[in-house]
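Structure first, then comments.
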Amino acid sequence: MHQLAIDYHGAGAFEPRHHIPAAPAAGEVQIAVAYTGICGTDLTIAKGGMDGRITSPWPIGHEMSGTIAAVGEGVIGWAVGDKVTVMPLDWCGDCPACRAGHTHICHDLCFVGIDSPGSLQERWNVKADWLVRLPDGLDLRDAAL
């Protein structure tokens with residue numbers, strides 16, 4: 001089934017793209033994205049402020065909420081229908097900063113939605129390690145904030 005993504009193409013340029021999403025790889029889940037918030041970083045990107053860093057075309061976005069639509073091989077503790085958001089930082093765990101417990105300044109930090117594809121797509125495959133479980137009573141619209 002075709003799904004919609006909104007790709008960034010450079011300063012002020014976004015275009016819709018219809019595609020068939022790949023199944024989640026081992027260690028990944030596929031999220032049915034319900035909401036994506038637009039933050040200051042996204043606005044900087046939209047104005048072309050990070051064009052040297054972002055691959056284009058590219059779906060941006062990282063402040064999101066949704067439910068798990070599919071689970072890849074080897075993923076434990078997550079199931080289809082679980083309500084989630086993501087931790088938008090993926091640190092290496094091996095550089096001097098990470099080994100010192102300062103993962104927020106990882107030398108190889110991947111900022112989700114900038115250095116990897118983001119949540120402006122209906123189906124989004126992410127590492128299961130990035131997931132944050134949402135409380136049952138929390139509305140998905142509020143959770144994206």
Exercise. For the pair K83 (side chain) and L138 (backbone), establish whether a donor and an acceptor sit closer than 3.5 Å, ignoring hydrogens and angles.
Key: yes
Quiz prompt | Pair V126-V112, side chain to side chain contact (heavy atoms under 4.5 Å, CB included): steps then yes or no | solution = CA-CA 9 Å; V126 302; V112 176; 5.7 Å; no
Quiz item: How far apart are the closest heavy atoms of S116 and W130, and which atoms are they?
Solution: OG-CH2, 3.8 Å
Quiz item: Could D90 and K127 be called an ion pair, given the rule that one side-chain N must be under 4.0 Å from one carboxylate O?
Solution: yes
Quiz prompt | CA sep, side-chain torsions, deciding dist, call: I20, H2, side chain to side chain contact (heavy atoms under 4.5 Å, CB included) | solution = CA-CA 5 Å; I20 298 174; H2 282 84; 4.1 Å; yes
Exercise. Give the intermediate values and the outcome of side chain to side chain contact (heavy atoms under 4.5 Å, CB included) for residues V86 and I31.
Key: CA-CA 10 Å; V86 298; I31 300 174; 4.0 Å; yes
Practice problem: Compare every heavy atom of G72 with every heavy atom of P24, then report the nearest pair and how far apart it is. | Solution: CG-N, 3.8 Å
Practice problem: Would you give the length of the straight line joining atom CD of E73 to atom CD of E28, rounded to the nearest 0.5 angstrom? | Solution: 12.0 Å
Exercise. Can you measure from CE (M64) to CG (L145) and round to the nearest 0.5 angstrom?
Key: 12.5 Å
Practice problem: Answer yes or no: is there a side-chain heavy-atom contact under 4.5 Å between C39 and H62? | Solution: yes
Quiz item: Would you say the side chain of T85 lies within less than 4.5 Å of the side chain of L131, judging by non-hydrogen atoms?
Solution: no
Quiz prompt | salt bridge (Lys or Arg N to Asp or Glu O under 4.0 Å) assessment of D82 paired with R133 | solution = CA-CA 7 Å; D82 287 348; R133 191 176 309 275; 3.2 Å; yes
Self-check item: Approximate separation, where rounding is to 0.5 Å, of H9 NE2 and R17 CZ
Solution: 8.0 Å
Self-check item: Shortest non-hydrogen contact between S65 and A143, atoms and distance
Solution: CB-CB, 3.8 Å
Self-check item: Student check: side-chain heavy atoms of R53 and D115 closer than 4.5 Å
Solution: yes
Quiz prompt | Heavy-atom closest pair, residues A97 and I105 | solution = CB-O, 3.6 Å
Quiz item: Heavy atoms, side chains only, cut-off 4.5 Å: are I68 and Q30 in contact?
Solution: no
Practice problem: Take S119 and T36, measure what side-chain hydrogen bond (donor to acceptor under 3.5 Å, both in side chains) needs, and give me the verdict at the end. | Solution: CA-CA 7 Å; S119 60; T36 294; 3.0 Å; yes
Quiz item: Under 3.5 Å, side chain of N125 to main-chain N/O of A22, donor-acceptor pair present?
Solution: yes
Practice problem: Indicate yes or no for a side-chain donor-acceptor contact from D142 to the backbone of D139 under 3.5 Å, with no hydrogens or angles considered. | Solution: no
Quiz item: Looking at side-chain heavy atoms only, is the closest gap between T67 and V84 below 4.5 Å?
Solution: no
Exercise. Looking only at non-hydrogen atoms, find the nearest pair between R123 and Q121 and report the distance.
Key: O-OE1, 3.1 Å
Practice problem: Report yes if some heavy atom in the side chain of E15 is under 4.5 Å from a heavy atom in the side chain of P57; otherwise report no. | Solution: no
Quiz prompt | R141 atom CZ: more than 12 heavy-atom contacts under 6.0 Å | solution = no
Quiz item: Other than L120, which residues form its hydrophobic cluster under the rule that side-chain heavy atoms must be closer than 4.5 Å?
Solution: L4, I6, Y8, F14, I45, M50, I54, W58, I60, M87, L89, W91, L109, F111, I114, V132
Quiz item: What are the two closest heavy atoms between S56 and G10, and how far apart are they?
Solution: OG-N, 4.3 Å
Self-check item: W124 side-chain N/O to G118 backbone N/O, donor-acceptor pair under 3.5 Å
Solution: yes
Quiz item: Is any side-chain heavy atom of V33 closer than 4.5 Å to a side-chain heavy atom of E122?
Solution: no
Quiz prompt | Side-chain heavy atoms of H104 within contact of H102, under 4.5 Å | solution = yes
